[in-house]
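Worksheet: the structure to be examined is printed underneath.
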Amino acid sequence: MEQPIAVTRQSFDDWMVPVYAPADFILVRGEGSQVWDQQGKSYIDFAGGIAVNALGHAHPVVTAALVEQAGKLWHLGNGYTNEPVLRLAKLLIDATFADKVFFCNSGAEANEAALKLARKRALDKGNSSKNQIVAFNNAFHGRTLFTVSAGGQPKYSKDFAPLPGGITHTPFNDLAAAAEVINDHTCAVIVEPIQGEGGVLPADPAFLQGLRELCDRHDAVLIFDEVQTGMGRTGELYAYTQYGVVPDVLTTAKALGCGFPIGAMLTTDELAKTLGVGTHGTTYGGNPLATAVAGAVFSIINTPEVLEGVKQRHQWFLDGLNKINQQYPIFSEIRGGGLLIGCQLTQDYAGKAKQITQLANEEGVIALIAGPDVVRFTPSLIIPEQDVKEGLARFARAVARICS
Ligand SMILES: *Cc1c(COP(=O)(O)O)cnc(C)c1O
């Protein structure tokens, strides 16, 4: 057999379109919440592939589901349905407000479907001027042109003008500002229950409740982007149940496949009718390989053991991070829900989140940022206590270094 091509971190700079700036090591293997690099150095994984690997790496049940399906049927195209996709749809419907599901391959695609549904629904009702979308500052909804425009971070969209029109942004958690722009021309409001990429900022319950009422009053579709908060991340299957506010459309991805690309848009019978045969679609959406994996993932995550365990692990993180912060006061706030935790840096350490995660890498732990001033943790939902302790000890050493 031919030798595999030798690759190093330098190969990335040589061969890859430079949209990312990955860490200066290459990971080659993972098991549970540990990963190892080319040199055999171990890291505790507190990032979980950006809130994706909710069951850690190489989970035996998920791996078995993948291998079993891989030997049967990978892909058919949507001219033919398949068993795993129908089973996954039923699991999602039985566990949520939804009656119908559309499958795709990513969070952005799920949001794209949701926004297209809302536009078409208003048009189908004969209201061609009901096409306005209300979204929020700092939001993140994906990188397609439509979803990046709905996102509230102009740095991600400004270079790609002209952008799709009809999207207005108001401050997150400011209900009065939202009420000023939501009217009968509004076809959709899209919001994250906890802004993830924007800094781990939870919505106030009254804000989401108020958006629900405004959408009802003006016949607008309320879309909850649960791409990051969904699939047990906050300690409930979906965060909307914690808020007691039911959306019309919910988007989910990330942890749904635990690393196998899949996304979904959940909605009601009434709204689902909008997207009739031929009006929307995607080649890979709902293919048997992806949905067999997600079905296994779902059956593990949607259990009291795992969901209760998230709440317990939240406390382990809070206790450990507060202890670190007592010794080295670098965080002004530790916030978030379940295992979506954001640590806001104090003024003195503003802008240093990236540097802290780089030092954390050196100490053998992987963490994330959410903007320049927030260190974010989104580990596996089943991370063992020992790994939480060891990872936080390593993280403490990184914090000690930034403080010295
Ligand atoms: C990650 C994320 C997306 C985009 O998902 P992709 O799979 O990267 O397209 C959308 N919305 C939220 C809230 C996210 O966290």
Side-chain angles (χ1 to χ4, degrees), residues 19-20 22 47-54 102-118 133 135-153 155-157 160 167 169 172-173 188-203 208 211 222-234 237-240 242-243 247 249-266 282-287 290-291 293-294 297 336-342 368-371 374 376-379 381:
V19 290
Y20 309 113
I50 317 187
V52 166
N53 303 316
F102 170 78
F103 288 105
C104 50
N105 314 290
S106 67
E109 278 179 69
N111 286 328
E112 186 88 18
L115 295 170
K116 284 177 73 176
L117 184 157
I133 292 160
F136 299 97
N137 295 346
N138 261 325
F140 185 81
H141 298 302
R143 299 290 200 135
T144 64
L145 199 56
F146 199 0
T147 58
V148 85
S149 304
Q153 305 187 54
K155 65 174 188 221
Y156 292 142
S157 59
F160 306 103
I167 305 171
H169 294 92
F172 186 65
N173 272 338
V189 174
I190 183 166
V191 65
E192 297 156 84
I194 301 175
Q195 287 193 333
E197 303 302 309
V200 190
L201 294 158
L208 296 186
L211 294 179
L222 181 60
I223 302 165
F224 278 4
D225 177 347
E226 292 227 33
V227 169
Q228 187 150 167
T229 55
M231 288 302 287
R233 181 59 51 193
T234 67
L237 184 64
Y238 287 101
Y240 80 89
Q242 276 163 328
Y243 281 94
V249 175
L250 181 150
T251 56
T252 181
K254 289 203 165 98
L256 180 58
C258 275
F260 201 101
I262 182 168
M265 177 190 70
L266 314 186
T282 167
T283 296
Y284 296 115
N287 96 6
T291 50
V293 172
V297 167
L339 289 173
L340 172 54
I341 296 170
L368 289 171
I369 63 171
V374 176
R376 175 174 39 152
F377 300 98
T378 57
L381 305 184

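All ligand and atom numbering here is 1-based and tracks the order in the structure. In this chain, numbering begins with 1 at the start of the sequence shown.
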- Query: For Tyr156, does the OH atom have more than 12 heavy-atom neighbours from other residues, nucleotides or ligands under 6.0 Å away?
  - Reply: yes
- Item | Heavy-atom closest pair, residues Ala264 and Leu256 | CB-CD2, 4.1 Å
- Task: Kindly write out the residues that satisfy side chain to side chain contact (heavy atoms under 4.5 Å, CB included) with Thr282, not counting sequence neighbours, or none if the list is empty.
- Result: Phe102, Cys104, Asn105, Glu109
Check: residues 137-144 side-chain donor-acceptor pairs under 3.5 Å, at least two apart:
| unit_1 | atom_1 | unit_2 | atom_2 | d |
| --- | --- | --- | --- | --- |
| His141 | ND1 | Asp225 | OD2 | 2.8 |
| Thr144 | OG1 | Glu112 | OE1 | 2.6 |
| Thr144 | OG1 | Thr147 | N | 3.3 |
| Thr144 | OG1 | Thr147 | OG1 | 2.7 |

- Partner set under side chain to side chain donor-acceptor pair (under 3.5 Å) for Tyr238, not counting sequence neighbours: Thr252
- Message: Pairing donors with acceptors under 3.5 angstrom, does anything connect the side chains of Gln153 and Glu197?
- Response: no
- Task: Enumerate the protein residues lying less than 4.0 Å from ligand 1, judged by heavy-atom distances, in chain and residue-number order.
- Result: Ser106, Gly107, Ala108, Asn111, Phe140, His141, Gly142, Glu192, Asp225, Val227, Gln228, Lys254
